[in-house]
Student: 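What follows is a structure written as structure tokens; I'll ask about it next.
Heavy atoms only: backbone and side chains are in, while hydrogens, waters and symmetry mates are out. Residue numbers begin at 1 in each chain, while the letters A, B, ... track the order of the sequences.
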Amino acid sequence: MINVTLPDGSVRQIEKGTSSFEVARSISEGLARNVLAAEVNGEIRDLSRPIESDCTLRLLTWEEDGGKSTFWHSGAHVMAEALELLYPGVKFWVGPPVENGFYYDVDFGGMVFSDKDFEALEEKMLELGRNENEYVRKEISKADAIAYFTEKGDPYKLDLLENLEDGQITFYTQGGFTDLCRGPHIPNTSFIKAVKIMNVAGAYWKGDEKNKQLTRIYGIAFPKQKQLKEYLELLEEARKRDHRKLGKELDLFHFSEKVGQGLPLWLPKGAELRSRLETFLKEAQRKAGYQPVITPHIANKELYVTSGHFAKYGADSFQPILTPAEGEVYLLKPMNCPHHCEIYKSRPRSYKDLPIRYAEFGTVYRYEQSGELHGLTRVRGFTQDDAHIFCTVDQVKKEVGKVIDLVMYIFDVLDFKDYVAQVSLRDPDNPAKYIGSDENWEKAERSIQEIANEKGLKTVVEYGEAAFYGPKLDFMVRDAIGRKWQLGTVQIDYNLPERFELDYVGADNARHRPVMIHRAPFGSMERFVAILIEHCAGKFPLWLTPEQVKIIPVGERFNEYASELLEVLKNSDIRALLDLRAEKVGKKIREAELEKIPFMLIVGEEEVANNTVSVRKQGEGGDLGTMSIEDFVNHINSEVRKMLKQ
RNA sequence: GCCGGUGUAGCUCAGUUGGCCAGAGCAGCUGAUUUGUAAUCAGCUGGUCGGGGGUUCGAAUCCCUCCACCGGCUCCA
């Protein structure tokens, strides 16, 4: 007998060689019906595999990530089987599970696989699911494996085999399809009750542009039809919130072919929104001791040669601008930091000056490949809410802490409640690729982790994710419908101070090199506004929304009162509009609703008589009752103050 | 950049076995209506059918090419 420890700490004695599935069944029939895979001593395995020694066992269902990914991986195999049946002779590369579903990279030969073919594939997959084919694991020698795929004529699998060690190779077979696979898999295909082919895309073999492009088919599968329905509804909700759609509907921004790809034009309402965000951050930064600086949009090439950006990015950037007479070479600014370094260098610095914090809403231009562009989230010209803090190594911890405070304040005001901080540290196996002394790195890495903990941040540590010039801390945010975005970033930099030979005179009267901290709580205004639009589905918080109030007189006779009301609101710092059109009230309300203006004030006979307004709130329908003008103004202004935590 | 898809009025979309002057709703303009909580009525304006080239008696529709947009191109059994 051997001992199996379950997650709740209980221990079961089972006979050696009992399968995980049998253990599940001994616990409950319900669990046996739902269990997909087993995690034995931390390793995910097939349920059917026997347990040979004492272990800890977690039984994974759909609810666990490991169960889900196993399920999807098995889904990929079913998709491959279906593809092979529908398109004999196709060649397969790899088919892993991903965050939402799975994909398989396939070589169709000369054939084009497109969305017209999705339905047939889905049906075939469901048919294979109904067949209840078991996933059978088989250990196989390398020679036999090579023989199998040579016979089958699948060069990609043979390529994979080359790098695998004999004795470690396994095949999985379900129905008529056998794949080279380390597993694990779900017990049989009958768990797959709902499938959807999501999209098809080109993907380079091994992710290398020089290689042949394979067809990547993305799909997703579920054990219940209802789950697929829910997933599709979530996608639909995401489509409704798409900032490109809402940006158009709400007149926030526009792209023009004539202006150029990836170069957004901010319309008045979008500009209002953005400038309000900027003002908000500028004020917070002023309080936090930042000093504003402003730098030009182009700079002499030498600046970027010094910074190292030219060597690294020059060839893939917008090409240089030349002066007509002298032929001097200028570049569009891709980063603000080199400029800020030159500002630092504008005069000698003492340790007493530090930390110095230069902030700039700096517009930069980067040549993104045309296929990489996406709405406002990926553009070629954008404005970073950039700042650079020059400080001593000993000040790093405190300064990072202050940045964390600022970021948390911003998230709080903007109602991002769910976020984690990713701490990116050096790859311990490859210390050579980093610049800066070991001592400084250790100190900075420790500082970041300590301060993140002290601030009570949820953190995840990623080794090997640090930049070559320093460790960093990134804020990963979940939006209102659960999608993850990377927002604010804090990066320690030992490289630029070195390259620009920045220094300060210490208390010891010797020259020392400062550390530089890059930070951008929003990242870029473009990307942040995009995320914000999607987060709040276009219903911006009252303090931020371009238009707060729309006044709707019910008839011509009340226009004068409405105009006076508009003046009162404007004089009280409320952004109000007046709809004087000879339209019916219903229509004016409908339009204000669609414009997502938070408050509508309906005024007519009664309001004029009593000097009041009838209040309607966007999205809530109906009449919220009347109040005096003064009360309404106070209400709005106190709401705004509350939101800004002022 | 590469693979696949899409491109018709400011917006959303119809129109493709090639064939009368290319359609609708909304928006805009004009007029009437002066309205009480999500669309008042009528008339009018507006389109190089993404650009260019080709096939054809004839092209929004077929072919080539360029452009833009959309989905991907990090996930190594």
Student: Would you mind classifying the nucleic acid contact of A:D623 as base, sugar-phosphate or nothing, using non-hydrogen atoms under 4.0 angstrom?
Tutor: base
Student: Using a cut-off of 4.0 Å on non-hydrogen atoms, how would the nucleic acid contact of A:E249 be classed: base, sugar-phosphate, or nothing?
Tutor: nothing
Student: Look at the aromatic rings of A:Y231 and A:F222 and report parallel, tilted or perpendicular, splitting at 30° and 60°.
Tutor: tilted
Student: Categorize A:E368 for me: base, sugar-phosphate, or nothing, with a 4.0 angstrom heavy-atom threshold over every strand shown.
Tutor: nothing
Student: Base, sugar-phosphate, or nothing for A:I169, non-hydrogen atoms under 4.0 angstrom?
Tutor: base
Student: Determine the contact category for A:V585: base if any of its heavy atoms lies under 4.0 Å from a base atom, sugar-phosphate if only primed atoms, P, OP1 or OP2 are that close, otherwise nothing.
Tutor: sugar-phosphate
Student: Answer with base, sugar-phosphate or nothing: what part of the nucleic acid does A:L161 contact at a heavy-atom distance below 4.0 Å?
Tutor: nothing
Student: Regarding A:G586, tell me which of base, sugar-phosphate or nothing describes its non-hydrogen contacts under 4.0 Å with the strands shown.
Tutor: sugar-phosphate
Student: Please work out if A:G207 contacts a base, only the sugar-phosphate, or nothing of the nucleic acid, heavy-atom cut-off 4.0 Å.
Tutor: sugar-phosphate
Student: Determine which nucleotide pairs with B:rG19, using a 3.5 Å limit on both distances of a Watson-Crick or G-U wobble pair.
Tutor: B:rC57
Student: Any donor-acceptor pair under 3.5 Å linking the side-chain atoms of A:Y135 with those of A:N188?
Tutor: no
Student: Just compare B:rG1, B:rU35, B:rG72 and give me whichever is closest to any side-chain atom of A:Y367.
Tutor: B:rG1
Student: If you only use heavy atoms from C-beta on, which nucleotide in B:rG36, B:rC76, B:rG72 is closest to the side chain of A:V94?
Tutor: B:rC76
Student: Could you check whether the side chain of A:E257 and the base of B:rC67 have a donor-acceptor pair of N or O atoms closer than 3.5 Å, going by distance alone?
Tutor: no
Student: Check every strand shown and say whether A:E593 touches a base, only sugar-phosphate, or nothing at a heavy-atom separation below 4.0 Å.
Tutor: base
Student: Drop me the distance from A:L234's CG to A:K229's NZ, to the nearest 0.5 angstrom.
Tutor: 13.5 Å
Student: Which part of the nucleic acid does A:T170 contact within heavy-atom distance under 4.0 Å: base, sugar-phosphate only, or nothing?
Tutor: base
Student: With distance as the sole criterion, do the side chain of A:Y204 and the base of B:rG1 form a donor-acceptor contact below 3.5 Å?
Tutor: yes
